[in-house]
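Lettering follows sequence order; numbering is per chain, from 1.
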2 protein chains.
Amino acid sequence: MRDVAEIAGVSLKTVSRVVNTEAGVRPATAERVDAAIRQLGFRRNELARSLRHGRASATVGLVIGDVANPFYASIARAVETRARSGGSVLITGSSDEVGSQERELVGMLLTRRVDGLLVVPAAGDHGWLAEEVRRGVHIVFLDRPPHGLVADSVVFDNVGGGRRAVRHLLAHGYQRIAIIGDAPSVHTIRERYDGYAAALKEAGLPVDPRLARLSPHDAEGAARAVRELLTLPEPPDAVFACNNRMTVGVLHALRAARAPLGLVGFDDFELADLLGVTVVSGSAVEMGGRGADLLFARLGGDDRPARRIVLSPTLVARGSGERVSEEPA
Amino acid sequence: MRDVAEIAGVSLKTVSRVVNTEAGVRPATAERVDAAIRQLGFRRNELARSLRHGRASATVGLVIGDVANPFYASIARAVETRARSGGSVLITGSSDEVGSQERELVGMLLTRRVDGLLVVPAAGDHGWLAEEVRRGVHIVFLDRPPHGLVADSVVFDNVGGGRRAVRHLLAHGYQRIAIIGDAPSVHTIRERYDGYAAALKEAGLPVDPRLARLSPHDAEGAARAVRELLTLPEPPDAVFACNNRMTVGVLHALRAARAPLGLVGFDDFELADLLGVTVVSGSAVEMGGRGADLLFARLGGDDRPARRIVLSPTLVARGSGERVSEEPA
DNA sequence: ATGAAAGCGCTAACAA
DNA sequence: TTGTTAGCGCTTTCAT
């Protein structure tokens with residue numbers, strides 16, 4: 001910028017004015033400055049700018065489990081779109097759902113003075129984040145509510161979604177319904193399990209612990225769990241898979257075993273229609289978008305009490321949960 | 001940091017020493033400083049640090065078409081992993097394959113003084129980037145080579161992959177093979193088309209322009225193209241789909257029309273095995289990883305001539321390209 | 001309409 | 001072992 005000023009034969013401040021399109025610069029002068037800027041290929045240093053200016057690095061942070069998981073990728077895309085329309089860029093980090101990684105990531109983001117944070121929290125307490133919030137960091141929680149502090153969040157109605165999935169299976173004649181999910185320490189899984197159990201109870205059916213497999217972390221683990229279930233003396237006749245990873249694993253296992261069990265998965269996924277998989281799902285795009293809106297409102301000065309936005313998942317019947325196997329249209 | 005110094009009763013520089021774990025601080029002093037840091041919840045301002053220190057904001061930028069596309073998401077994940085193991089974070093931006101958006105994104109990243117850039121370039125000339133490169137910005141191109149400048153790149157052998165896909169179909173008795181892809185202005189598509197044409201020619205078959213549909217940008221467009229092809233007087237008996245989006249569209253259209261055409265797609269995708277889709281694909285994870293390695297080597301001072309790394313795609317036969325429809329294992 | 005000086009939070013270079 | 005000074009590139013405040 002100093003170089004630009006020198007070439008244009010003006011002071012540093014005048015260049016700053018031109019760059020920021022402030023008023024009070026004679027057109028002729030501005031012209032000269034612009035020419036110098038082009039000649040040098042000058043780009044304002046945003047780091048220096050936000051250092052001086054105090055707040056506003058025009059950068060927001062997003063912490064998710066894994067960008068390679070389409071559910072998270074959709075969230076990331078929605079947040080990015082909102083951010084860019086407001087002139088901000090997005091730093092995305094994958095925590096692998098591990099608390100220590102999440103904490104490290106948040107640290108790296110805060111150290112770079114992001115204006116705000118969107119976080120899909122890993123299991124565990126987040127009291128340590130309360131400290132940051134108290135210090136003025138704006139955080140919005142996605143998919144799972146914060147544990148140990150009050151803050152904005154956008155979540156799905158997981159209990160309702162789980163109940164709907166299982167009711168659907170029951171309505172189609174399935175009786176022994178298994179549930180496959182990640183560890184119940186993950187908030188969403190616990191809630192979906194609660195919905196599962198509630199639906200069974202209201203139908204007067206027992207909640208058989210042998211049919212609950214809440215430990216697999218990935219598709220392979222889910223497939224293994226299904227194989228085990230199939231060897232039970234009284235195997236299940238249907239499965240409720242708690243998220244997209246689980247559903248993929250269940251599909252593989254069922255196909256390999258040529259076992260025509262009923263199936264409803266939580267979360268939609270590409271090609272689910274071709275595979276005829278019935279799902280209960282909410283919109284990741286909407287979750288990311290609403291979360292970003294919430295965050296930018298806070299950054300804009302909104303200081304109303306923390307809000308929790310609950311999105312309702314919907315059931316999409318495609319054949320796998322309806323007993324009579326239908327060819328998808 | 002000044003506050004920390006005050007509370008600990010030391011000078012600013014001493015705090016800096018402790019924060020950077022430089023030598024020459026008495027343990028007792030360091031202890032006091034650490035206590036003050038904890039008390040205040042102090043975090044070093046990385047922006048100020050890199051402003052002073054000149055280079056190294058420990059941030060790299062990645063420009064891709066769309067994070068929500070699993071192919072790009074895999075690249076992003078691989079880059080992120082490499083970046084973090086080196087203490088850097090990743091700013092990811094989606095260009096939607098539009099040149100103007102790409103340019104805007106690169107501008108936003110450069111303005112934030114990222115240490116380096118990984119770019120999957122949209123179609124068009126990139127001479128404007130040459131200017132930046134000349135100025136010392138490190139850029140590595142992914143998936144498509146740069147046009148209009150010399151720089152490191154990691155690409156697939158697209159011609160070879162396209163040829164292999166079509167040879168495979170020919171070997172299994174298909175004769176009229178259509179090709180569906182994005183616009184040939186996209187480098188990868190043009191190359192894959194060349195491979196397609198080469199395979200036909202070496203088999204002594206004509207390259208029928210009516211069977212080439214190189215205009216759809218998304219899955220829906222690809223599906224439309226297939227529907228059109230099926231109404232031809234002499235419809236194709238097989239399709240080569242040029243990327244994962246196209247393959248998805250083709251699958252939908254073929255399934256809807258109950259048309260058992262042969263199909264080989266470029267790029268692998270989740271559940272392709274369950275759908276029995278034969279693909280030719282390279283590893284997005286390897287592409288991202290190798291690209292990141294290249295970039296970090298440059299950032300580390302490597303100034304050898306620009307390199308181009310070519311990854312070979314492999315063919316995975318799953319049924320859709322082998323005439324005799326096989327149940328996947 | 002333009003410029004000079006101070007300072008954002010930090011580190012490099014040099015004292016003490 | 002510790003502190004002082006200067007300055008990274010910019011914006012703010014106050015002059016001119």
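C/dG9 atom P lies 10 Å from atom CG of B/Leu12, rounded to whole Å. Rounded to a whole Å, the CD atom of A/Glu31 is 18 Å from the C1' atom of C/dT2. In this structure, CG of A/Leu47 is placed 12 Å from C1' of C/dG9, rounded to the nearest angstrom. Rounded to an integer number of Å, the gap from CG of A/Leu51 to C1' of C/dA6 is 14 Å. We find that CG of B/Asn45 is positioned 8 Å from P of C/dG9, with the value rounded to whole Å. Rounded to an integer number of Å, the gap from CG of B/Leu40 to P of C/dG9 is 13 Å. Note: CZ (B/Arg113) to P (C/dC10) measures 20 Å, nearest angstrom. Between A/His53 atom NE2 and C/dA6 atom P there is a gap of 22 Å when expressed in whole angstrom units.
Along DNA chain C, the nucleotide nearest A/Ser11 and the nucleotide nearest B/Glu22 are compared for position; the residue whose nucleotide lies closer to the 5' end is A/Ser11. Nucleotides of DNA chain D nearest to A/Glu46 and B/Pro27 differ in position, and the one nearer the 5' end is that of B/Pro27.
B/Thr59 and B/Arg112 share no donor-acceptor pair across their side chains, judged by distance under 3.5 Å alone.
Applying the 3.5 Å distance criterion, the base of C/dG3 shares a donor-acceptor pair with the side chain of A/Arg17.
Among the heavy atoms of the strands, none lies under 4.0 Å from B/Gly54. At the heavy-atom level, A/Val19 lies nowhere under 4.0 Å from the strands shown. Contacts of A/Thr29 with the nucleic acid, taken as non-hydrogen atoms under 4.0 Å apart, involve only primed sugar atoms and P, OP1 or OP2.
In the set C/dC8, C/dC10, C/dG3, C/dG3 carries the atom at the smallest distance from any side-chain atom of A/Lys13.
Using a cutoff of 4.0 Å between basic side-chain nitrogens and carboxylate oxygens, B/Asp96 and A/Arg77 are scored as salt-bridged.
Between the side chain of A/Asp115 and the main chain of A/Ala58, a donor-acceptor pair closer than 3.5 Å is present. In this structure, B/Thr92 contributes its side chain and B/Leu62 its backbone to no donor-acceptor pair below 3.5 Å. Between the side chain of B/Glu286 and the backbone N or O of B/Leu311, no donor-acceptor pair lies under 3.5 Å.
Read 5' to 3', the first and last nucleotides of DNA chain D with an atom closer than 4.0 Å to a heavy atom of chain B are D/dT1 to D/dG9.
Classification of the A/Phe156-A/Phe71 ring pair by plane angle, with boundaries at 30° and 60°, yields tilted.
Between C/dC8 and B/Arg52, no contact under 4.0 Å exists linking OP1 or OP2 to a side-chain N or O.
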Practice task
Walk me through it: do B/Glu6 and B/Arg2 pass the test salt bridge (charged side-chain N to carboxylate O under 4.0 Å, His left out)?
Solution key: CA-CA 6 Å; B/Glu6 204 154 314; B/Arg2 206 187 37 204; 5.2 Å; no
